[in-house]
Amino acid sequence: MSSYVGVLVSDPWLQSQFTQVELRTLKSKFVSNKTQLERFTVGDLPPVFSKLKAFNGTIDEDEIKSVLDKSYSNADDEVDFETFLRAFLSVQARGVEKTGGSKGSSSFLKTSTTTVHHAINESEKASYVSHINNYLRDDPFLKSYLPIDPATNAFFDLVKDGVLLCKLINVAVPGTIDERAINTKKTLNPWERNENLTLGLNSAKAIGCTVVNIGTQDIAEGRPYLVLGLISQIIKIQMLADLNFKKTPSLFQLVDDTQDAEELMGLAPEKVLLKWMNFHLKKAGYEKQVTNFSSDVKDGEAYAYLLNALAPEHSTHVALETKDPTERAKKVLEQAEKLDCKRYLSPKDIVDGSANLNLAFVAQIFQHRNGLTVDDSKTSFAEMMTDDVETSREERCFRLWINSLGTATYVNNVFEDLRNGWVLLEVLDKVSPGSVNWKHANKPPIKMPFKKVENCNEVIKIGKELRFSLVNVAGNDIVQGNKKLLLAFLWQLMRYTMLQLLRNLRSHSQGKEITDVDILNWANRKVKRGGRTSQADSFRDKNLSSGMFFLELLSAVEPRVVNWSLVTNGETEEDKKLNATYIISVARKLGCSIFLLPEDIIEVNQKMMLILAASIMYWSLQQQSDTESTVSEDATDDGDANSVAGEISNLSIDGASESSPTVQDQELLTKAEKDEDEVDGENNKDA
């Protein structure tokens, strides 16, 4: 394996406050500024910190200066890296306080697990443990370990082997993980434990968690702040699962017209929950507007009105007449229990304004009694907003992929959130660093339509520079929400990213581009050399629907990863689905970050087949790159390769030319309709 050494800090406590990703990012900023300035001093920190994405506009330069003035008496003192880190912690503490969070709480509302304040909130920990005890108590494997005592650290020990993590993900989004792929036995070896953790993390990405700053080792070590940050995201996804129009069409009762309906669809689930809460509070005569789950609900008054409106049979004015906030909170929780809402928070949590636990409490009330009815006059909204199945699946895939990149803006709805161009610029900057000139970008909120068009024009310009097929496509098409064009652009962006990852392996492909045909040829050779008989004619080959080709490919790159006793022949629809779900979990268990669904394999979705094969190829070549002394399989068979470079150099053997994998033709927009034989050899278009 490679001998990579991360960023080290002499103070162990200070080192423990950051993940390696955070340290590398901050080290880069520190070195950059120290290089530019003759002397890097405390006085130089405010403008530097104010531009960091970590603060995301929550605290301005003057406030940062005020914070640092309290900690450092002399602004002319020179700054070393550890001073830089300590100053960062001080400023972030102020930012957390300002946004209504608590210094010691793991972030349940923030999507990212990136968190610097690592003292955990015991109330939140107890709440999550209670949730796990309740939902997993009957699990055949885990029931012997449950219930967990929240007063101990047994929870952090139990999560180390990855089984609980995988099981909880399936509770949040049933069917995400094929449980046949989970290693479940009393004692796991390091390989099996790492497989479970890898499966859990990649599956967490696939349901919408952001895990860019957490790795398998963090969970294996039971690092509390990172474990709770991830668990909180999974539970949040479960609790807010019904806050969409597909599962709860009656949410259209919250809007008056089509424009409002479109806006509501673009809101984050927690924002929809706030809108729902205010809808009922207004009808109940509550005059205030609830804008958060912290300071606006800590007196318990809004809860008293809400529960009286939703459950008049349990209505009582005792809570409203109670003056003491803690006593009122007790009455509120007693009333909620009559709706079968489990008591996962205490009166103190309400009074303290714990945003995470209050959100969970309101979400639970919504699940048990949302108080909405289906309005026939608004069914047209639901019909109009419904996308076809394929479009919905593609939107889901691209949304999850974008969020997995760790961009600053979290995407809740591709068709709404990308229309101002800003998120697309963030993604382009991630996948092609330096491609975006941020001086030409307009940061949200953007009120003027032409500013959105400017952003989207910049997106199209960069896309053309990356050789995307964008004939007759303009920025205004994105602003107007043209779904077909937006999905076509995102597909090219995802494909470009995957091909660049392959190209940028240590060999640099000997200067060659990697094409779709190359990936297909590599996969076929791998399967053949594994002693198997399956071969794919193209990524539209209907034989792929059985799943056998991808199972044989996975087994070829890592023989231990497929349990053949669980594989079916893939002849019936039921058998195909069993194989497809198993393929996805095995690939994630191996280390592939993929976002397709079993239906994509069964229906042989060409785009998803390409990405699946490319992801397996990338993992396989990465392993060879990390073990350069290992002779590649290609050297054995072809005699001209002894490294990743050799394997990649053979990619064009079977008829693929060395020209760039350009996507210059408008045919990409209707790619599924093209016959692959038309692209054999000459232009290296999509396989």
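Owing to the predicted nature of the structure, the values given are computational and were not obtained by experimental measurement.
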Undergrad: Less than 4.5 Å apart, any side-chain heavy atom of L45 and any of Y72?
TA: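 Of all side-chain heavy-atom pairs linking Y72 with L45, none is under 4.5 Å.
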Undergrad: My understanding is that only residues two or more places apart in sequence, or in another chain, count here; which of them pass salt bridge (charged side-chain N to carboxylate O under 4.0 Å, His left out) with R396?
TA: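 By the salt bridge (charged side-chain N to carboxylate O under 4.0 Å, His left out) rule, R396 matches no residue at all.
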Undergrad: Checking the side chain of Q623 only, and the main-chain atoms of S620 only, is there a donor and an acceptor separated by less than 3.5 Å?
TA: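 Answer holds: no.
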Undergrad: Would you say the side chain of L230 lies within less than 4.5 Å of the side chain of L165, judging by non-hydrogen atoms?
TA: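 Touching, per the 4.5 Å side-chain cut-off.
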Undergrad: Report yes if some heavy atom in the side chain of K34 is under 4.5 Å from a heavy atom in the side chain of E78; otherwise report no.
TA: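 They are in contact (side-chain heavy atoms under 4.5 Å apart), so the answer is yes.
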Undergrad: What distance separates Q233 CD from K236 NZ, expressed to the nearest 0.5 Å?
TA: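 It comes to 7.5 Å.
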Undergrad: Within this structure, what is the CG-CE distance for the pair L612 and M498, rounded to the nearest 0.5 Å?
TA: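 So the CG of L612 and the CE of M498 are separated by 10.5 Å.
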Undergrad: What residues, two or more places apart in sequence or in another chain, satisfy ring-ring contact (aromatic ring centres under 6.0 Å, His included) together with F84?
TA: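 Checked F84 against ring-ring contact (aromatic ring centres under 6.0 Å, His included); matches are F30, F49.
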Undergrad: So N420 and I478, do their side chains get closer than 4.5 Å, heavy atoms only?
TA: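 In short, these two side chains do not touch, never coming nearer than 4.5 Å.
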Undergrad: First locate atom CZ of R86, then atom CZ of F81, and finally report the distance between them rounded to the nearest 0.5 Å.
TA: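 The CZ atom of F81 is 11.5 Å from CZ of R86, to the nearest 0.5 Å.
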Undergrad: Should D44 and R39 count as an ion pair when the cut-off is N to O under 4.0 Å?
TA: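 So D44 does not pair with R39 through a salt bridge.
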Undergrad: Residues two or more places apart in sequence or in another chain: which of them pass side chain to side chain contact (heavy atoms under 4.5 Å, CB included) with S203?
TA: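 Here the qualifying residues are I169, T176, I177, L199, R588.
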Undergrad: Going by the rule salt bridge (charged side-chain N to carboxylate O under 4.0 Å, His left out), which residues pair with R193 if we only count those two or more places apart in sequence or in a different chain?
TA: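 R193 satisfies salt bridge (charged side-chain N to carboxylate O under 4.0 Å, His left out) with no other residue.
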Undergrad: Between atom CG of L164 and atom CG of L158, what is the distance when rounded to the nearest 0.5 Å?
TA: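 Here the interatomic distance stands at 5.0 Å.
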Undergrad: Roughly how far, to the nearest 0.5 Å, is OG of S593 from CH2 of W619?
TA: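 Reported to 0.5 Å precision, the distance equals 15.0 Å.
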Undergrad: With a 3.5 Å distance limit and no angle check, can you tell me whether N292 reaches the backbone of D296 through a side-chain donor-acceptor pair?
TA: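 Yes.
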Undergrad: Just to verify, what does W191 make a ring-ring contact (aromatic ring centres under 6.0 Å, His included) with, not counting sequence neighbours?
TA: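 Once residues adjacent in sequence are excluded, W191 has no partner under the ring-ring contact (aromatic ring centres under 6.0 Å, His included) criterion.
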Undergrad: Identify, with sequence neighbours excluded, every residue that meets salt bridge (charged side-chain N to carboxylate O under 4.0 Å, His left out) alongside K160.
TA: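 Salt bridge (charged side-chain N to carboxylate O under 4.0 Å, His left out) list for K160, sorted by chain: D157.
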Undergrad: Any idea which heavy atoms bring L400 and A206 closest together, and the distance?
TA: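 Residues L400 and A206, closest heavy atoms: CD1-O, 3.0 Å.
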Undergrad: If you measure only the distance, is there a donor-acceptor pair under 3.5 Å linking the side chains of S123 and D349?
TA: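 A donor-acceptor contact under 3.5 Å links the two side chains.
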Undergrad: A side-chain contact here means heavy atoms from C-beta on lying under 4.5 Å apart; do L493 and L428 qualify?
TA: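 The answer is yes, as the side chains (C-beta and beyond) meet within the 4.5 Å cut-off.
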Undergrad: Taking only residues at least two apart or on different chains, which pairs with a member in residues 198-221 satisfy ring pair (Phe, Tyr, Trp, His ring centres under 6.0 Å)?
TA: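 Applying ring pair (Phe, Tyr, Trp, His ring centres under 6.0 Å) to every pair that reaches into residues 198-221, excluding sequence neighbours, yields nothing.
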Undergrad: Going by atom types only, do D76 and T41 share a side-chain donor-acceptor pair under 3.5 Å?
TA: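 No.
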Undergrad: Is a side-chain donor or acceptor of S32 paired with a backbone partner of S28 at a separation under 3.5 angstrom?
TA: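 Side chain of S32 to backbone of S28, a donor-acceptor pair under 3.5 Å: no, none is there.
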Undergrad: Do the side chains of N476 and C456 get nearer than 4.5 Å, heavy atoms only?
TA: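 No. Closest side-chain heavy atoms not under 4.5 Å.
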Undergrad: Answer yes or no: is there a side-chain heavy-atom contact under 4.5 Å between Q500 and V431?
TA: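 Contact flag for Q500/V431 side chains = no.
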Undergrad: For the backbone of S432 and the side chain of S435, can you confirm whether one donor and one acceptor N or O come within less than 3.5 Å of each other?
TA: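 Yes; at least one donor-acceptor contact below 3.5 Å.
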Undergrad: Kindly write out the residues that satisfy side chain to side chain contact (heavy atoms under 4.5 Å, CB included) with V423, not counting sequence neighbours, or none if the list is empty.
TA: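 Partners of V423 by the side chain to side chain contact (heavy atoms under 4.5 Å, CB included) criterion, ordered by chain and then number, come out as I402, T409, V411, L418, E426, V427.
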Undergrad: Between Q492 and Y496, is there a side-chain donor-acceptor contact under 3.5 Å, judged purely by atom types and distance?
TA: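 Distance-only check fails for Y496 and Q492.
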Undergrad: State, yes or no, whether a side-chain contact exists between K607 and E394 at a heavy-atom distance under 4.5 Å.
TA: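 With C-beta onward as the side chain, the pair touches.
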Undergrad: Residues in side chain to side chain donor-acceptor pair (under 3.5 Å) with S404, at least two apart?
TA: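 Listed in chain order: nothing, the list is empty.
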Undergrad: Kindly compute the distance separating CG (L502) from CD1 (I519), expressed to the nearest 0.5 Å.
TA: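 Separation between the atoms: 5.5 Å.
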Undergrad: Under the salt bridge (charged side-chain N to carboxylate O under 4.0 Å, His left out) rule, collect the residues that match up with K205, sequence neighbours excluded.
TA: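 K205 satisfies salt bridge (charged side-chain N to carboxylate O under 4.0 Å, His left out) with no other residue.
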Undergrad: Please list, chain by chain and in numerical order, all residues satisfying side chain to side chain contact (heavy atoms under 4.5 Å, CB included) with E454, sequence neighbours excluded.
TA: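 Checked E454 against side chain to side chain contact (heavy atoms under 4.5 Å, CB included); matches are N442, F450, K451.
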Undergrad: Tell me, with the steps shown, if E61 and K51 meet salt bridge (Lys or Arg N to Asp or Glu O under 4.0 Å).
TA: CA-CA 9 Å; E61 189 174 326; K51 295 174 184 175; over 6 Å; no
Undergrad: With N412, which residues qualify under side chain to side chain contact (heavy atoms under 4.5 Å, CB included), at least two apart?
TA: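 So N412 forms a side chain to side chain contact (heavy atoms under 4.5 Å, CB included) with A268, P269, Y410, D417.
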